[in-house]
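Here's the structure we're looking at; comments come further down.
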Amino acid sequence: MVIQELFQQAEIDHVEEAYFLQHTVFEPYEKHSLDEKVDAVMRIKEYIREHMIRLATCNISREEPQTVFIVELPCECYEDKGKTELTLFSIFDEEAYQKVQRDFALWGEEREYCIERYGIDMSKPECIAGYHIAKKSVETLGITECCVEILHEIFTFGYSDESRKKNIQELYESIKEAEEDIAEEKLYSYEEVFEQLWEEMLKDCKNTDEREHMLLKREYESKVKEIERRYMQEIMEANHKKIIALIREEYGMESIL
């Protein structure tokens, strides 16, 4: 079914309550009073209701048929060993039908065929409403949780159309600046940036215990780094196989190796 049909079947009250059970929304308001937090919750509930009605009733766009998958997978971080998290992505149906019969990959492997995954956080609600929702996702998670995760993705850049548009534009501008830095060979790796930040924090730290804690923590992280890397690689490979199996099943190719 398409996502519009999913939202037509959902109960608004259930999705509202489930949203706050599934996702923490107080981070920007953690220093605010309880009354201010309550006001924020009430406003977010209004946005949830508004978007649920919008997704259920809007004129949907079917220009680029896609299917949205919502999958519960083990966390890749060693510190979160034993925990799971939901991941959401979409793939283009036409590309999937062309490649799903082959030995395809999603990431990290050099194969002849690779199916690209996409986020929906920058897509318009009218487009999202026209995407299909993977059958297995609905069967496994239920209508309410699927709706919650879709709304959470829509709200990534803001709750209103105005705030989303503004924040997405700012992101594009940041990307443009990054591209200019790359063109000028102003390149810094993830490790280099955090190494510099850590050195600056250590230099500015005047508390003896805090400084010692930073050094010991750094030493520990260095010793367990390889263990964590092996664990992450193992989980990533298992998750990769699980997602491939779900895609094959969705497009009726689960029996093909």
Side-chain angles (χ1 to χ4, degrees), residues 22-32 36-37 40 44 71-90 105-110 114 116-123 149 152-160 162-240 243:
Q22 192 74 3
H23 296 287
T24 301
V25 299
F26 297 122
E27 187 175 352
Y29 313 100
E30 57 188 3
K31 295 183 180 179
H32 291 223
E36 288 172 324
K37 291 180 180 180
I44 293 171
V71 189
E72 185 175 16
L73 298 171
C75 296
E76 297 170 2
C77 177
Y78 191 89
E79 298 296 328
D80 293 326
K81 191 174 182 180
K83 297 180 181 179
T84 60
E85 60 185 352
L86 292 174
T87 182
L88 183 153
F89 62 90
S90 72
L106 297 167
W107 68 78
E109 295 185 22
E110 293 183 2
C114 182
E116 297 292 337
R117 299 179 303 154
Y118 302 91
I120 64 171
D121 49 3
M122 293 188 185
S123 302
E149 294 310 309
H152 188 250
E153 288 293 308
I154 292 175
F155 295 153
T156 299
F157 288 98
Y159 293 100
S160 67
E162 293 75 17
S163 62
R164 292 182 75 228
K165 183 177 180 180
K166 175 177 177 293
N167 291 328
I168 290 172
Q169 181 59 37
E170 289 178 355
L171 176 61
Y172 282 137
E173 291 172 0
S174 298
I175 293 173
K176 184 178 179 181
E177 291 177 4
E179 290 174 343
E180 292 172 353
D181 287 343
I182 292 173
E184 296 174 8
E185 297 186 350
K186 297 178 180 178
L187 304 176
Y188 302 94
S189 69
Y190 176 89
E191 291 78 10
E192 287 174 329
V193 171
F194 277 88
E195 178 66 24
Q196 181 178 347
L197 289 173
W198 188 86
E199 292 290 347
E200 291 175 359
M201 290 172 61
L202 185 65
K203 182 180 178 180
D204 294 339
C205 184
K206 305 302 181 184
N207 184 284
T208 303
D209 285 343
E210 187 175 347
R211 183 182 179 86
E212 183 69 13
H213 183 273
M214 288 179 65
L215 291 168
L216 289 172
K217 184 177 180 181
R218 179 71 165 227
E219 181 182 353
Y220 167 78
E221 290 172 346
S222 176
K223 289 181 178 179
V224 302
K225 185 176 182 180
E226 182 58 24
I227 296 173
E228 293 176 347
R229 186 201 66 78
R230 290 197 301 269
Y231 177 80
M232 182 177 70
Q233 184 66 30
E234 177 186 344
I235 297 301
M236 284 181 65
E237 290 175 1
N239 287 347
H240 190 198
I243 294 176

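Heads up: numbering here begins at 1 and tracks the sequence. Side-chain atoms are counted along with the backbone in the values below, which use heavy atoms only and exclude waters and symmetry mates.
Side-chain contact between Glu228 and Glu79: present, with at least one pair of heavy atoms (C-beta onward) separated by less than 4.5 Å. Between Glu170 and Asn167 there is a side-chain heavy-atom pair separated by less than 4.5 Å. The shortest distance between side-chain heavy atoms of His23 and Glu149 falls below 4.5 Å. Residues Glu199 and Phe194 form no side-chain contact, since every pair of their non-hydrogen atoms from C-beta on lies 4.5 Å or further apart. When side chains are defined from C-beta on, Met214 counts as touching Trp198, because their heavy atoms get closer than 4.5 Å.
Counted within 6.0 Å of OH on Tyr118, heavy atoms from surrounding residues, nucleotides or ligands total more than 12; the atom is thus considered enclosed.
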Test log, rule side chain to side chain contact (heavy atoms under 4.5 Å, CB included), inputs His152 and Gln22: CA-CA 10 Å; His152 188 250; Gln22 192 74 3; over 6 Å; no

Stepwise side chain to side chain contact (heavy atoms under 4.5 Å, CB included) test for Leu106 and Ile243: CA-CA 9 Å; Leu106 297 167; Ile243 294 176; 3.2 Å; yes

From CA spacing to verdict: side chain to side chain contact (heavy atoms under 4.5 Å, CB included), Glu219, Leu216: CA-CA 5 Å; Glu219 181 182 353; Leu216 289 172; 4.0 Å; yes

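A cation-pi contact, defined as under 6.0 Å to the ring centre and within 45° of the axis, links Arg117 to Phe89.
By the 4.0 Å N-to-carboxylate-O rule, Glu234 lies too far from Arg230 to be salt-bridged with it. Note on Arg229 versus Glu226: salt bridge recorded, some NZ/NE/NH1/NH2 to OD/OE distance being below 4.0 Å. Under a 4.0 Å N-O distance rule, the pair Glu221/Lys225 does not qualify as a salt bridge.
Between Tyr231 and Tyr78, the two ring planes are perpendicular [angle over 60°; tilted spans 30° to 60°].
The two residues Gly158 and Ser163 have their closest heavy-atom pair at CA-OG, 3.4 Å. The two residues Ser123 and Arg164 have their closest heavy-atom pair at O-NH2, 3.3 Å. The nearest pair of heavy atoms linking Thr84 to Glu72 is OG1-OE2, 2.7 Å.
Looking only at distances, no side-chain donor or acceptor of Asp80 sits under 3.5 Å from a matching main-chain atom of Lys83. Looking at Ser222, its side chain never comes within 3.5 Å of a backbone N or O of Arg218 through a donor-acceptor pair. Between the Asn239 side chain and the Pro74 main chain, a donor and an acceptor come within less than 3.5 Å of each other.
The structure places CG of Leu86 at 10.5 Å from CD of Glu153, a figure rounded to the nearest 0.5 Å. To the nearest 0.5 angstrom, Met232 atom CE is 10.5 Å from Glu237 atom CD. We find the CZ-CG distance between Arg211 and Leu202 to be 4.0 Å, quoted to the nearest 0.5 Å. Here the straight-line distance linking atom CD1 of Ile154 with atom OH of Tyr159 works out to 12.0 Å at 0.5 Å rounding. Rounding to the nearest 0.5 Å places CD of Gln169 at 10.0 Å from OG of Ser174.
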